[in-house]
Protein chains: 2
Amino acid sequence: MDAAPDSRTGLLDAAEVLFAGRGFRSTTIKAIAAAAGVNTALLYYYFPDKQGLYRTVLERAFGGLITEGEGRLAAASDPEEAVRAFIALQSAYFGRHPHRPHLFVRELIDHGAEYAAGQLTRLAATLFRRLCDVIERGQAAGQFRADLDARRAAISVVSQVAWMQVARPAIGIFIGAGPGGPSARWTDEFADHAAEFALFALRATDAPPPRPAPRRPVRTSR
Amino acid sequence: MDAAPDSRTGLLDAAEVLFAGRGFRSTTIKAIAAAAGVNTALLYYYFPDKQGLYRTVLERAFGGLITEGEGRLAAASDPEEAVRAFIALQSAYFGRHPHRPHLFVRELIDHGAEYAAGQLTRLAATLFRRLCDVIERGQAAGQFRADLDARRAAISVVSQVAWMQVARPAIGIFIGAGPGGPSARWTDEFADHAAEFALFALRATDAPPPRPAPRRPVRTSR
DNA sequence: GTCTATACGGGGATAGAC
DNA sequence: GTCTATCCCCGTATAGAC
């Protein structure tokens, strides 16, 4: 049930993995077609050219994050819970699509987000906006410290897992696991740590004591 | 005083900028030679091949970070001061070498740190080690919360500015500045924010009240 | 829808003159 | 030390048969 019988989807899947792994310029259409098990020329039947294929790959990947995120985050009501849910979303999404962090980062540094500008604008209006709102709501309730700028704080919240995903080989070396990167278990535990770290930073020092973090047994990453 | 009269250095400088901007595979030796104002064949006089040139570029860039970092960090004695100094180092170094974040990230995602493994091992034994030690010292002194794993905490500390440098186009869109990324002023202020955010997270809740953060007027980034 | 065959430019690298 | 000239492979994209 995991075979993609139709050629268009097969091309999209293969292109996504290759673009993520080697970047847009270094990925050849011959490699994409070969990985999809079809002929080079067929690519030009389904897509206008290499750029058009790339654009479609990006739309699918960002679109998936936004759709899934909006679904997941609507549930959380308490600000602390919402921050945890946000980081859990990052961790789960990248656990399920392990190459997408690279796809996203490459688009940022290769093209300055040129091809993903539309998707990022949507992301700004949905997930990022929602995280900022949650922080501001926590500040208004006296749960979170009021002296933090919500947008900067939101970036700090997101940065931990995002950077961990990108810098895996370096982190692997730093923690003694080698350039293959940390284990799946370590990766999951880092997400828990990141949530706690962010909440320690966000909490007002005179706030009512938070209930202990629920130890989520769910393990979602690779 | 900014001309690089000798061809070897000119090639290294040009290669660094191009490798950072487009990646190893997408950077052509013809482009490097042209940017350095010399002939393609001369590259093979000074370096064995494209890979050898790349390796040398990485060694110079990582080596600079380590050398500069060890110098700067030896000064700070107080753990809080040391954490601030660490983030200030990141900000200053990347402010002075604005393309190196991309160079580093590309090496991580393009080659899994294969070419930089040696430099990263040095980094692990110097700067990263030093940051972990500082956190542990703060924990032993009761200044920092003891329930954090020092290595994970160190990664959280580093991640904020690192991610901000990499995700500039996305952050620009998120904060309404557009895909060109945040302004130099915003970038500098984010480093201050990141230091405070990290210290809020690190501080033991029953610790003696920290002195107010010194507002560093020094502006070091682009 | 899917393939074969091919045009055409640009890539890394070397030989060898000066 | 620095250049010209060149080799050969591989990249994108298209024409057109089936």
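Keep in mind that this is a model prediction, so the values were computed, not measured. A, B, ... follow the sequence lines: proteins, then strands. Residue 1 opens every chain.
Between A/Phe104 and A/Tyr93, the ring planes are parallel. Angles under 30° get that label, and only those over 60° would be called perpendicular.
For the pair A/Arg25 CZ and D/dT12 C1', the interatomic distance rounds to 15 Å; values are reported in whole Å. Distance, B/Phe47 CZ to C/dT14 C1': 18 Å, rounded to whole Å. Atom CZ in A/Phe24 sits about 12 Å away from atom C1' in D/dG11, given to the nearest Å. Look at CD1 on A/Ile29: it is 8 Å from C1' on D/dG11, rounded to the nearest Å. Following rounding to the nearest Å, A/Arg22 (CZ) and D/dC10 (C1') show an atom-to-atom distance of 12 Å. A/Tyr44 has its OH atom 13 Å from the C1' atom of C/dA7, to the nearest Å. If you take NZ of B/Lys50 and C1' of C/dG12, they are 8 Å apart, rounded to a whole angstrom.
The closest side-chain donor-acceptor pair between B/Thr28 and B/Arg22, if any, does not fall under 3.5 angstrom. With 3.5 Å as the limit, one finds no donor-acceptor pair spanning the side chains of B/Gln160 and A/Ser159.
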(request) Encode nucleotides 2-8 of chain D as B, S and - characters from 5' to 3', where the letter depends on protein heavy atoms closer than 4.0 Å: B to the base, S only to sugar-phosphate, - to neither. (result) BBB----
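Across all strands shown, A/Thr27 has heavy atoms under 4.0 Å from sugar-phosphate atoms exclusively, and none from any base.
Under 4.0 Å is where a charged nitrogen must lie from a carboxylate oxygen, and between B/Arg106 and A/Asp110 at least one such pair does. For the pair B/Asp133 and B/Arg129, the salt-bridge criterion is met [side-chain N within less than 4.0 Å of a carboxylate O].
The side chain to side chain donor-acceptor pair (under 3.5 Å) check on A/Glu68 picks up A/Arg96, with sequence neighbours excluded.
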